[in-house]
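Report on the following structure.
On a predicted model such as this, the values are computed, not experimentally measured, just so you know. Basis for what follows: all heavy atoms, side chains included, without hydrogens, waters or symmetry-related copies.
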Amino acid sequence: MPAVAREPMPGPSRLLAAVDLGSNSFRLLIARVEVSPQGNLVFPLESLRDGVRIADGLRSDGTLDEASRRRALVALAAFGERLRSFSPERVRAVGTSTLRVARNAHRFLRTAEAALGVPVEVVSGLEEARLVYAGAARALPDDNEMRLVVDIGGGSTECIVGVGAEALTLESAGVGCVVLSNRRFADRRITAQAFDAAYYEARDAFAQSAVSLRAHRWRYAVGTSGTAQSLWQVAREQWGADALDRQSLERTRAALLASGDASSVQLAGLTPDRRPVLAGGLALMTALFDELRIERMQYCGGALLQGVLHDLLDRDEERDVRALTIRRMLRRHRVDATRARRVRDTALALFDQVASGTQEEVRERRLLLGWAAELAEIGRSVTHEDFHRHSAYLLAHTEMPGFSQSEQDRLALLALTQTGPLDALRAHADDTAATLAALALRVATIVHLRRDASDAPTPTLSLSRGALRLQTTRAWAQRFPLAHQGLAAEARAWSRVGAFESFVYDASASPTDAG
């Protein structure tokens, strides 16, 4: 990743940026944060959009074709040029549906991150829904009313019921306007038969989630993002309606069928770039109106990008939703919190002795290591045998609000390698920070093997030219013989896998030497 200069931050305001690698378009939003008596306020300053339509490049084997990858990289390079003056912690980039399902997404993301200049987090469907609602909630009145928020994207559709800033139910279905248009209207010809097929496919996708959504009895519905905006504009400008309603949807469908071709339909309020995906988006919206029993829908300008910005602001102000997720999981799995904190503190102290890299990179690694240490034993809520494997599975597959899939994968790797063989780390041999984080957690786990309140001082850890040295004192080894034996075995295990030029465990120092 190219070096990024830190942006100067004079005065009470600062800039943040969010990037959405969506299935239909890539977007960049830059905003200014200003302090006010009501708290920090976010003012959008600049936005860029490129209709990459990356979902068009999904081949039958589940991989992205080269043309779509090229389009994507051109767009990201332009975004990266604009973001060059931003420090990494001021930018957050998220990938959504297409990057969730593409089989070669991991390889593409390496080049995408190089072009953009910041990491890209691929988020789950439910995390996308959470971010969408977070953005919409800031744009909607704080009226304490139950509301439904619908976001039809290019590759997936998110539906959320919430009150104020709180999302009560999150749902995501893997069907969007680009995917459905490509599947049912591949030649851009619009027929009644094709439209009905798209409509029933969409209804089927929402049939199960509709039950939990309807149970909340929302007072009003709002749509966000491109499809909702286009259909709302057509309803107002073409049909004279004051909201998107069933009659407007039916009139738009009739106009599409009359034209017979998505590229030639003429409707007031419809922009040229929306024509290719209008049929799929209309079928989806009509299915949602029927499945969720919606009568009217207004449009809301807040969506994923705004949610990402506010999430980034919360992290900056130490209101990180990820920390709340960790606390909930600790309670849910009844983790021994006292021991978890001891292991965490020791692991972080060890990591700090050898960590290197930029301040932002080290900070993120420390956060994940600390959380992994706290959650390392959640697998014991399943079974004590091979608990570390169960911990890894839970961390990889549990829905964890605020976390990207790559972050969950890192947590899972640390949980898996907290004890036992080191084989899983071989695939990450080129990631020194990940290896050192795993080492720190393993050593901390050994130091606290006794699972009591004994005050076990943290060993000294140093790394020089690939040679690792772990040092305690003779008094330490005599006071904690079980941990001493474990550390000696740990040094032998690391020496066998060859992750470092050498790994020496030394317990012969006097207290003065070790200090």
Side-chain angles (χ1 to χ4, degrees), residues 88-89 92 119 121 127 311-312 314-381 387-388 390-396 398 400-419 424-425 428 431-449 451 453 455-461 463 470 490:
E89 78 273 13
R92 187 179 179 199
E121 307 170 24
E127 175 64 3
D311 214 46
L312 187 59
D314 286 346
R315 291 184 182 186
D316 190 45
E317 297 177 345
E318 298 184 351
R319 296 196 305 263
D320 196 332
V321 70
R322 295 176 297 177
L324 178 60
T325 295
I326 297 300
R327 292 197 294 271
R328 287 173 175 168
M329 292 184 70
L330 287 169
R331 291 195 299 269
R332 183 188 312 157
H333 295 279
R334 298 182 180 180
V335 171
D336 181 345
T338 301
R339 181 179 182 275
R341 285 193 294 270
R342 288 202 298 268
V343 172
R344 177 201 63 195
D345 292 346
T346 299
L348 292 177
L350 289 163
F351 183 74
D352 288 343
Q353 296 178 54
V354 291
S356 62
T358 67
Q359 181 180 353
E360 293 79 16
E361 290 170 343
V362 172
R363 177 180 178 275
E364 280 302 308
R365 293 287 187 171
R366 284 189 92 258
L367 278 174
L368 290 177
L369 172 58
W371 289 329
E374 289 185 273
L375 294 176
E377 294 196 336
I378 61 172
R380 292 188 185 276
S381 64
F387 75 90
H388 60 297
H390 295 289
S391 294
Y393 182 87
L394 289 169
L395 289 171
T398 297
M400 296 177 63
F403 286 89
S404 66
Q405 189 56 58
S406 61
E407 288 174 329
Q408 290 191 227
D409 290 342
R410 288 180 182 179
L411 292 174
L413 178 65
L414 287 168
L416 180 64
T417 57
Q418 66 184 287
T419 188
L425 287 171
H428 303 270
D431 189 344
T432 303
T435 303
L436 289 172
L439 169 67
L441 180 54
R442 289 173 69 92
V443 171
T445 301
I446 293 169
V447 167
H448 297 286
L449 272 175
R451 309 184 73 84
D455 183 18
T458 303
T460 301
L461 187 62
L463 178 62
L470 182 64
E490 185 71 4

Using the rule given for side chain to side chain contact (heavy atoms under 4.5 Å, CB included), can you reason through Leu439 versus Leu461, listing the C-alpha separation, both sets of side-chain angles and the distance that settles it, and then say yes or no? CA-CA 10 Å; Leu439 169 67; Leu461 187 62; 4.2 Å; yes

Between the side chains of Arg363 and Glu89, is the shortest nitrogen-to-carboxylate-oxygen separation below 4.0 Å, so that they form an ion pair? no

Rounded distance [0.5 Å steps], CG in Leu350 versus OG1 in Thr346: 6.5 Å

Heavy-atom nearest pair, Pro401 first then Thr325, reads O-OG1, 2.7 Å

To the nearest 0.5 Å, atom CG of Leu449 lies from atom CZ of Arg339 at 7.0 Å

Using 0.5 Å steps for rounding, measure from the OG1 atom of Thr417 to the CZ atom of Arg442. 6.5 Å

Is a side-chain donor or acceptor of Glu121 paired with a backbone partner of Phe403 at a separation under 3.5 angstrom? no

Option from Arg322, Arg410, Arg92 for which salt bridge (charged side-chain N to carboxylate O under 4.0 Å, His left out) with Glu364 holds: Arg322

Supply the atom-to-atom distance Leu395 CG to Glu407 CD, rounded to the nearest 0.5 angstrom. 12.5 Å

Tell me whether Gln353 contacts the main-chain N or O of Pro459 through its side chain, where contact means a donor paired with an acceptor under 3.5 Å. yes

Asp431 with Arg365: basic N within carboxylate O range, under 4.0 Å: yes

Using side chain to side chain contact (heavy atoms under 4.5 Å, CB included), reason through Asp314 and Val321 one step at a time and then give a plain yes or no. CA-CA 8 Å; Asp314 286 346; Val321 70; over 6 Å; no

Would you name the heavy atoms of Glu374 and Arg344 that are closest together and state the gap between them? OE2-NH1, 3.6 Å

Of all heavy-atom pairs linking Leu413 and Ala424, the shortest is CD1-O, 4.0 Å

Please report the shortest heavy-atom distance between Ala456 and Val447, naming the atom on each side. CB-CG1, 3.6 Å

Gap separating the CG atom of Leu368 from the CZ atom of Phe351, nearest 0.5 angstrom: 9.5 Å

Does Gln418 reach the main-chain N or O of Ala415 with its side chain, forming a donor-acceptor pair under 3.5 Å? yes

Rounded to the nearest 0.5 Å, what's the gap from CZ on Phe387 to OG1 on Thr419? Could you check? 6.0 Å

Over all heavy atoms of both residues, which pair between Leu416 and His388 is shortest? Give the atoms and the distance, please. O-CD2, 3.2 Å

Take Val343 and Glu377 through the side chain to side chain contact (heavy atoms under 4.5 Å, CB included) test and state the conclusion after the steps. CA-CA 11 Å; Val343 172; Glu377 294 196 336; over 6 Å; no

Report the C-alpha separation of Arg332 and Ile378 in whole Å, then their side-chain angles, then the decisive distance to 0.1 Å, and conclude whether the side chain to side chain contact (heavy atoms under 4.5 Å, CB included) test is met. CA-CA 9 Å; Arg332 183 188 312 157; Ile378 61 172; over 6 Å; no

Please give me the minimum heavy-atom distance between Ala347 and Leu369, naming the atom from each residue. O-CD2, 3.8 Å

